[in-house]
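Presented below is the structure to which this report refers.
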Amino acid sequence: MPAVTVENPLALPRVAAPADAVARPVLAVTTAPSGFEGEGFPVRRAFAGINYRHLDPFIMMDQMGEVEYAPGEPKGTPWHPHRGFETVTYIIDGVFDHQDSNGGGGTITNGDTQWMTAGSGLLHIEAPPESLVMSGGLFHGLQLWVNLPAKDKMMAPRYQDIRGGSVQLLTSPDGGALLRVIAGELDGHQGPGVTHTPITMIHATLAPGAEVTLPWREDFNGLAYVLAGRGTVGAERRPVQVGQTAVFGAGGSLTVRADEKQDSRTPDLEVVLLGGQPIREPMAHYGPFVMNTREELQQAFEDFQKGRLGSVPAVHGMTGSGPQD
C-alpha cells in the first residue's frame, strides 16, 4: 500500500489535539458488505447500514479492491451519468483512467486523487488503462460521494486532478502516524482538494502500537474507515479491523490506535478519516443522481434520456459498454 510515504516522518509538521479537547465517543462500528460495481470490480460498501444523519454530507464510499488481477481481468465502469454531488476517486495501488463529457479526465496512480464535481450533470467513465488490462496487477482505491447543498446542485461541472505529491503530509508528536491531508484542513494545515461542502479527508498510516489524537472541528461529523490492519478507535479503545467503519459522536478530538501486532501482509494500520459539515437538507438519491426532491430526480432522468447531460466523446482509448441507468 504505497500511496505517498516519507523516509522520516519526524521531519514533518506535527499535530495533536489540545489536552482539554473533548474526546469524541464511538457511537457504532459497522462492517462493510462486499459487492461488485461497474463491469465487475470488487468493492466493500463502507457506509452500508449507517444512518444518514451520521454520514451527512457524505453519501457513500466504496473500497475498490484490494485485488491482484490476472492479465485480462482488470475492469472499470461503462459510461454513466451523475448529477447533484461530487465523486472523489483516490488510488492507493494501481492505475485508473477517467474521462468525462465536460472535457475533464486523466490518469491517476499511487496516491493520486480525481475530484469530479458533477453539479448540473455530465457523463463519465472510469477504467484501467489498456496496459494494465493486458498485464494485470494490483489495484486498490476508494471512491467517495460528497453531497452538494441545494444551492450548488446545478452548478457547472468541475474537475480537479490532485497528484499524490501535492497532499499535505503531517505526523503525530512521536512520528508514529503519517497523515496525508487530501482535502480540507487539519490543525491549520490545508490539503489541496477544493471542496464546495466543507469537509476533511485524511489517509493515515499508523505503525504498530502507534496512537494519534487529532483535533477535529466540532461542527463536523467524524468517521474512520479501516483500509487495512487492526486497531482501536476512541478513548475507550473500541476494536476495529479492515473493512469496518467507526462512527464518532460529538467532541473536539478523535483517537485512533494501531494494535501492537499486525499481520505480515499488512504491517501498519491504514485508515481513512472523514469529517464534514452536515448539509441537513432533504436528500433524494437514486442510482447516479442525488437531488433534494423526487421531482428533481425525475427531471435528472429525463434530462439524461434526452441527452442534456452531455454525449460520449467520439474518441479514444476509453470504451465502455454504454451508459448505465
Side-chain angles (χ1 to χ4, degrees), residues 17 21-33 35 43-63 82-88 90 115 117-119 142-154 182-186 193 195-202 204 214-227 232-236 238-240 243-256 271-297 300:
V22 176
R24 286 178 174 248
V26 178
L27 302 181
V29 172
T30 63
T31 300
V43 298
R44 284 189 173 106
R45 309 288 191 190
F47 295 162
I50 301 174
N51 190 297
Y52 182 64
R53 74 176 184 274
H54 298 311
L55 298 177
D56 185 13
F58 307 110
I59 300 163
M60 58 151 276
M61 186 169 73
D62 284 346
Q63 180 180 7
H82 286 307
R83 171 181 280 180
F85 64 102
E86 301 183 287
T87 67
V88 182
Y90 174 53
W115 200 293
T117 303
L142 286 176
Q143 186 167 97
L144 172 70
W145 289 14
V146 185
N147 203 2
L148 288 169
K151 66 181 180 64
D152 293 329
K153 281 197 178 293
M154 296 299 286
I182 297 167
E185 64 89 28
L186 179 64
T195 71
H196 286 279
T197 304
I199 73 163
T200 294
M201 180 180 182
I202 297 166
L214 300 176
W216 211 251
R217 279 180 52 167
E218 294 194 15
D219 60 336
F220 277 21
N221 61 357
L223 302 162
Y225 177 74
V226 182
L227 291 165
T232 62
V233 287
E236 61 269 49
R238 184 86 171 264
V240 290
Q244 291 189 318
T245 301
V247 178
F248 291 91
S253 71
L254 56 79
T255 297
V256 179
V271 60
V272 173
L273 303 172
L274 296 169
Q277 192 172 63
I279 296 173
R280 296 193 176 95
E281 292 176 351
M283 185 178 70
H285 172 203
Y286 189 81
F289 305 123
V290 183
M291 306 304 292
N292 292 105
T293 67
R294 183 176 177 83
E295 291 71 27
E296 289 170 345
L297 273 184

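All values reported here derive from a predicted model rather than from experimental measurement. In this chain, numbering begins with 1 at the start of the sequence shown.
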_Do the side chains of Arg44 and Asp62 get close enough for a salt bridge, i.e. N-O under 4.0 angstrom?_
no
*asked:* Using the rule given for side-chain contact (heavy atoms from CB on, under 4.5 Å), can you reason through Val256 versus Val240, listing the C-alpha separation, both sets of side-chain angles and the distance that settles it, and then say yes or no?
replied: CA-CA 10 Å; Val256 179; Val240 290; over 6 Å; no
*Partners passing side-chain hydrogen bond (donor to acceptor under 3.5 Å, both in side chains) against Trp216 (at least two apart in sequence or in another chain)*: none
*Give a yes or no answer on whether the side chain of His285 reaches the backbone of Gly287 with a donor-acceptor pair at less than 3.5 Å.*
yes
Under 3.5 Å, side-chain donor or acceptor atoms of residues 275-284 against the rest of the protein: list the pairs with distances, not counting sequence neighbours.
from	atom 1	to	atom 2	distance (Å)
Gln277	NE2	Asp219	OD2	2.9
Glu281	OE1	Ala150	N	2.8
Glu281	OE1	Asn292	ND2	3.4

*Angle class for the His82/Trp145 ring planes (parallel below 30°, perpendicular above 60°, tilted otherwise)?*
perpendicular
*Do you know the tightest heavy-atom contact between Pro25 and Ala250?*
CD-O, 3.3 Å
*Going from CG on Leu214 to CG on Leu273, what distance comes out if it is rounded to the nearest 0.5 angstrom?*
6.5 Å
*Specify the closest pair of heavy atoms between Phe248 and Ala224, including all atoms of both residues, with the distance to one decimal.*
CE1-CB, 3.8 Å
*Does the pair Leu274 and Met201 meet the rule for a side-chain contact (heavy atoms from CB on, under 4.5 Å), with working shown?*
CA-CA 5 Å; Leu274 296 169; Met201 180 180 182; 3.7 Å; yes
*asked:* As an exercise, state the distance from CG of Leu142 to OH of Tyr90, rounded to the nearest 0.5 Å.
replied: 8.0 Å
*Looking at CD of Glu218 and OG of Ser253, how far apart are the two atoms once the value is rounded to the nearest 0.5 Å?*
9.0 Å
_Distance, nearest 0.5 Å, that separates CG of Asn221 from CZ of Arg53_ = 12.0 Å
*Can you find a pair of side-chain heavy atoms, one from Tyr52 and one from Asn147, that are under 4.5 Å apart?*
yes
*Evaluate the criterion side-chain contact (heavy atoms from CB on, under 4.5 Å) for residue pair Leu227 and Val272; output intermediate values, then yes/no.*
CA-CA 7 Å; Leu227 291 165; Val272 173; 3.6 Å; yes
*asked:* Can you list everything that forms a salt bridge (Lys or Arg N to Asp or Glu O under 4.0 Å) with Asp152? Sequence neighbours excluded, please.
replied: none
_Tell me the closest heavy-atom pair linking Pro239 and Thr232, and the distance in Å._
CA-CG2, 4.2 Å
*With a 4.5 Å heavy-atom cut-off, do Phe58 and Leu144 have their side chains touching?*
yes
*State the CE-CZ distance between Met61 and Phe47, to the nearest 0.5 angstrom.*
4.0 Å
_Test item: Val271 and Tyr225 side chains (from C-beta on) under 4.5 Å apart, heavy atoms_ = no
*Contacts of Thr255 that satisfy side-chain hydrogen bond (donor to acceptor under 3.5 Å, both in side chains) - sequence neighbours left out*: Thr213
*Tyr286: ring-ring contact (aromatic ring centres under 6.0 Å, His included) partners, not counting sequence neighbours*: Phe301
*Apply the test side-chain contact (heavy atoms from CB on, under 4.5 Å) to residues Ile182 and Ile202: give CA-CA distance (whole Å), side-chain angles for both, the deciding distance (0.1 Å), then the verdict.*
CA-CA 6 Å; Ile182 297 167; Ile202 297 166; over 6 Å; no
*Taking the side chain as every heavy atom from C-beta outward, state whether Thr195 and Val146 have any pair of such atoms under 4.5 Å apart.*
no
*Atom CD of Glu86 and atom CG of Leu148: how far apart are they, to the nearest 0.5 Å?*
5.0 Å
*Quick one: closest heavy-atom pair of Pro149 and Thr197, and the distance?*
CD-OG1, 3.5 Å
*Are the side chain of Gln63 and the backbone of Gly243 linked by a donor-acceptor contact shorter than 3.5 Å?*
no
_side-chain hydrogen bond (donor to acceptor under 3.5 Å, both in side chains) against Thr200, all qualifying residues, sequence neighbours excluded_ = none
*asked:* I'd like to check the side chain to side chain contact (heavy atoms under 4.5 Å, CB included) partners of Thr31; sequence neighbours left out, ordered by chain and number.
replied: Gln244
*Output all residues satisfying salt bridge (Lys or Arg N to Asp or Glu O under 4.0 Å) with Arg83, sequence neighbours left out; order by chain, then residue number.*
Asp303
*Within the distance-only criterion (no hydrogens, no angle test), does the side chain of Arg45 pair as donor or acceptor with the backbone N or O of Ala32 below 3.5 angstrom?*
no
_Any Lys153 side-chain heavy atom under 4.5 Å of Val290 side chain_ = yes
